[in-house]
Amino acid sequence: MHKALENKVAVVTGASRGIGRSIALELARRGARVVINYHRSAKAAAEVVAAIQSEGGEAVAVQADVGDGDQAQALIQNALDTFGQIDILVNNAGTTRDQLLMLMKEEDWDIVLRTNLKSVFNCCKAAARPMVRQRRGRIINITSVSGLAGQGGQTNYAASKAGMIGFTKSLAKELGPRNITVNCVAPGFVLTALTADLPEELKQQGIEATPLRRWGQPEEIAYAVAFLASDEAAFITGETLTVDGGLVMQG
Ligand code: NAP
């Protein structure tokens, strides 16, 4: 049976767990060979590779701190050396250090901006040249509703995610003439390790503020990413697709 992403190679950053894991599994189910990037969770990343292989797919795990330019470059080079091409880059790696601005330490600002935004610069810079050479590519950046609407206690996180949206539009304009699309997916509340420790009250408020009255599943973000990676999405670029149960309605 023909699969939509057959003969495509995808790199997913932060694919050892949470949303990135689901994205990697979904792209592999649709036929892509996938590079599973992780930072610290080697065992979890190996389990994602094993899960993909058990379904007949191909994947490798590659350690890299994508906030570091050299390591991001090595990650993309590893994908090229292993699979010979790179068609899809999903910048998913992310972190939070929530705090009110007046109490926020400079290092909490720096780590969030480095992990969430500089990583996108690093990985896109490394992947752009091979994609331009191939005359095709899909870049999908995982932003957040916080980057659209703001969130108290998240000035660092919201700035990184809003920055990602401006970056995406600019790169979409640069790379459009080379048949490369660049888009964002903006999840709402999704239960992962990133959100598990939020105060119960905030979790409940999130459900009440969401018209669909529930949190999202990681797979529901993965379906949106898989669509933007597909041929069907060839005329969509510079866009932010919100997948949030109606929490933040744009336009
Ligand atoms: P998560 O469960 O905490 O997973 C984070 C992933 O990022 C892990 O695989 C982690 O790797 C990786 N990572 C962190 N720092 C890294 C670095 N420097 N280099 C490479 N990988 C790194 O988070 P999640 O909830 O799945 O979030 C995934 C993305 O969705 C993030 O960008 C997040 O901002 C965004 N998002 C999440 C939600 C939500 O409700 N969960 C909502 C909106 C947006 P290791 O395990 O190896 O450390």
Side-chain angles (χ1 to χ4, degrees), residues 11-26 34-49 61-76 78 89-98 110-123 126 140-151 154 156-165 167-168 184-198 202-203 205-207 209-210 214-222 224-225 240-245 247-248:
V11 175
V12 183
T13 71
S16 50
R17 49 200 172 86
I19 293 172
R21 176 182 184 279
S22 286
I23 293 170
L25 289 169
E26 190 57 34
V34 187
V35 174
I36 309 296
N37 161 249
Y38 67 97
H39 185 209
R40 297 207 169 88
S41 308
K43 191 164 171 281
E47 282 167 12
V48 180
V49 171
V62 178
Q63 197 280 334
D65 171 0
V66 289
D68 177 275
D70 290 341
Q71 293 186 45
Q73 178 69 47
L75 167 68
I76 301 300
N78 197 314
L89 168 65
V90 184
N91 287 302
N92 165 81
T95 196
T96 51
R97 293 287 187 282
D98 293 357
D110 288 343
I111 185 88
V112 169
L113 269 290
R114 180 184 183 279
T115 307
N116 298 2
L117 187 57
K118 191 165 179 230
S119 62
V120 178
F121 164 77
N122 289 337
C123 292
I140 299 144
N141 299 322
I142 309 302
T143 177
S144 166
V145 289
S146 289
L148 294 168
Q151 177 69 37
Q154 289 198 324
N156 50 359
Y157 184 76
S160 72
K161 295 299 186 180
M164 210 185 253
I165 294 171
F167 178 99
T168 296
C184 283
V185 170
F189 288 102
V190 179
L191 194 60
T192 65
L194 198 70
T195 45
D197 293 338
L198 284 177
L202 200 65
K203 285 186 185 167
Q205 281 172 10
I207 291 174
T210 300
R214 64 175 177 87
W215 281 42
Q217 301 293 327
E219 302 79 47
E220 293 176 306
I221 310 306
V225 172
T240 295
L241 176 53
T242 304
V243 185
D244 67 347
L247 177 64
V248 172

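First listed ligand is number 1; within each ligand, the first listed atom is number 1. When reading the values below, keep in mind they use all heavy atoms of this one structure, side chains included, and skip hydrogens, waters and symmetry mates.
- Ser160 places a side-chain heavy atom less than 4.5 Å from the side chain of Leu113.
- Here the side chains of Thr168 and Thr143 are not in contact, with every heavy-atom distance at 4.5 Å or above.
- Atom 45 (P) of ligand 1 has as its closest protein heavy atom Ser41 OG, 3.3 Å.
- Counting the atoms of ligand 1 from 1 in the order shown, those under 4.0 Å from a heavy atom of Ala64 are 19 (N), 20 (C).
- Contact of the Leu89 side chain with the Cys123 side chain is registered, since non-hydrogen atoms from C-beta on lie closer than 4.5 Å.
- Of the candidates Gly188, Ser144, Ala42, Gly147, it is Gly188 that places a heavy atom closest to atom 38 (C) of ligand 1.
- Looking at Met164, Arg17, Arg21, Gln63, it is Arg17 that brings a heavy atom closest to atom 3 (O) of ligand 1.
- Nearest non-hydrogen protein atom to atom 34 (O) of ligand 1 is Tyr157 OH, 2.5 Å.
- Atoms of ligand 1 lying under 4.0 Å from at least one heavy atom of Gly18, given by number and element, are 2 (O), 26 (O).
- For the salt bridge (charged side-chain N to carboxylate O under 4.0 Å, His left out) criterion with Asp65, the lone passing option out of Lys118, Arg40, Arg114 is Arg114.
- For the pair Ser119/Asn91, no side-chain contact is recorded, criterion being any heavy-atom separation below 4.5 Å from C-beta on.
- Closest protein heavy atom to atom 27 (O) of ligand 1: Leu194 CD2, 3.8 Å.
- Under the 4.5 Å side-chain criterion, counting only non-hydrogen atoms from C-beta, Ile142 is in contact with Val90.
- Interface of Val190 with ligand 1, defined as ligand atoms under 4.0 Å from a residue heavy atom, comprises 39 (C), 40 (O), 41 (N).
- The single protein non-hydrogen atom nearest to atom 25 (O) of ligand 1 is Thr192 OG1, 2.4 Å, given as residue, atom name and distance.
- Contact annotation for Ile19 and ligand 1: heavy atoms of both the backbone and the side chain come within less than 4.0 Å of the ligand.
- Atom 9 (O) of ligand 1 has Ser16 OG, 2.7 Å as its closest protein atom, hydrogens excluded (heavy atom only).
- Atom 30 (O) of ligand 1 has its closest protein heavy atom at Ile142 CG2, 3.4 Å.
- For the residue pair Cys184 and Met164, the shortest heavy atom distance occurs at SG-O, 4.1 Å.
- Ligand-side atoms of ligand 1 in range of Arg40: 45 (P), 47 (O), 48 (O), range being under 4.0 angstrom from any heavy atom.
- Remark: ligand 1 and Gly67 share no N or O pair separated by less than 3.5 Å (distance only, no angle test).
- The ligand atoms of ligand 1 that sit less than 4.0 angstrom from a heavy atom of Asn92 are 28 (C), 29 (C), 30 (O), 31 (C), 32 (O).
- Nearest heavy-atom pair, Pro218 versus Gly18, reported as atom, atom and distance to 0.1 Å: CB-O, 4.1 Å.
- Each of the atoms 7 (O), 13 (N), 21 (N), 22 (C), 32 (O) of ligand 1 lies under 4.0 Å from some heavy atom of Ala93.
- Taking 4.5 Å as the limit, every side-chain heavy atom of Thr242 sits out of range of all side-chain heavy atoms of Leu247.
- Here the side chain of Asn37 pairs a donor or acceptor atom with the backbone of Gly14 at under 3.5 angstrom.
- When only interatomic distances are considered, the shortest N/O to N/O separation between His39 and ligand 1 falls below 3.5 Å.
- Remark: Asn92 CG to Asn116 CG distance equals 10.0 Å, nearest 0.5 Å.
- Here the protein heavy atom with the shortest distance to atom 6 (C) of ligand 1 is Gly14 O, 3.7 Å.
- By the 4.5 Å heavy-atom criterion applied to side chains, Val225 and Glu26 are not counted as neighbours.
- A heavy-atom separation below 4.0 Å is found between Val66 and ligand 1.
- Going from atom CZ of Phe167 over to atom CG of Leu117 covers 7.5 Å, rounded to the nearest 0.5 Å.
- At a 4.0 Å cut-off, at least one heavy atom of Asn37 sits close enough to ligand 1 to count as contact.
- With values rounded to the nearest 0.5 angstrom, Leu194 atom CG is found 4.0 Å from Thr96 atom OG1.
- Of all atoms in ligand 1, numbered sequentially from 1 with element shown, those under 4.0 Å from a heavy atom of Asp65 are 17 (C), 18 (N), 19 (N).
- Side-chain contact between Thr195 and Trp215 is present, with heavy atoms from C-beta onward closer than 4.5 Å.
- When each atom of ligand 1 is checked for a heavy atom of Tyr38 under 4.0 Å away, the hits are 47 (O).
- Nearest protein neighbour of atom 14 (C) of ligand 1, counting heavy atoms only, is Gly94 O, 3.9 Å.
- Remark: ligand 1 and Val145 share no N or O pair separated by less than 3.5 Å (distance only, no angle test).
- Between Pro187 and ligand 1, no pair of N/O atoms sits closer than 3.5 Å.
- Not close to ligand 1: Asn91, with no non-hydrogen atom less than 4.0 angstrom away.
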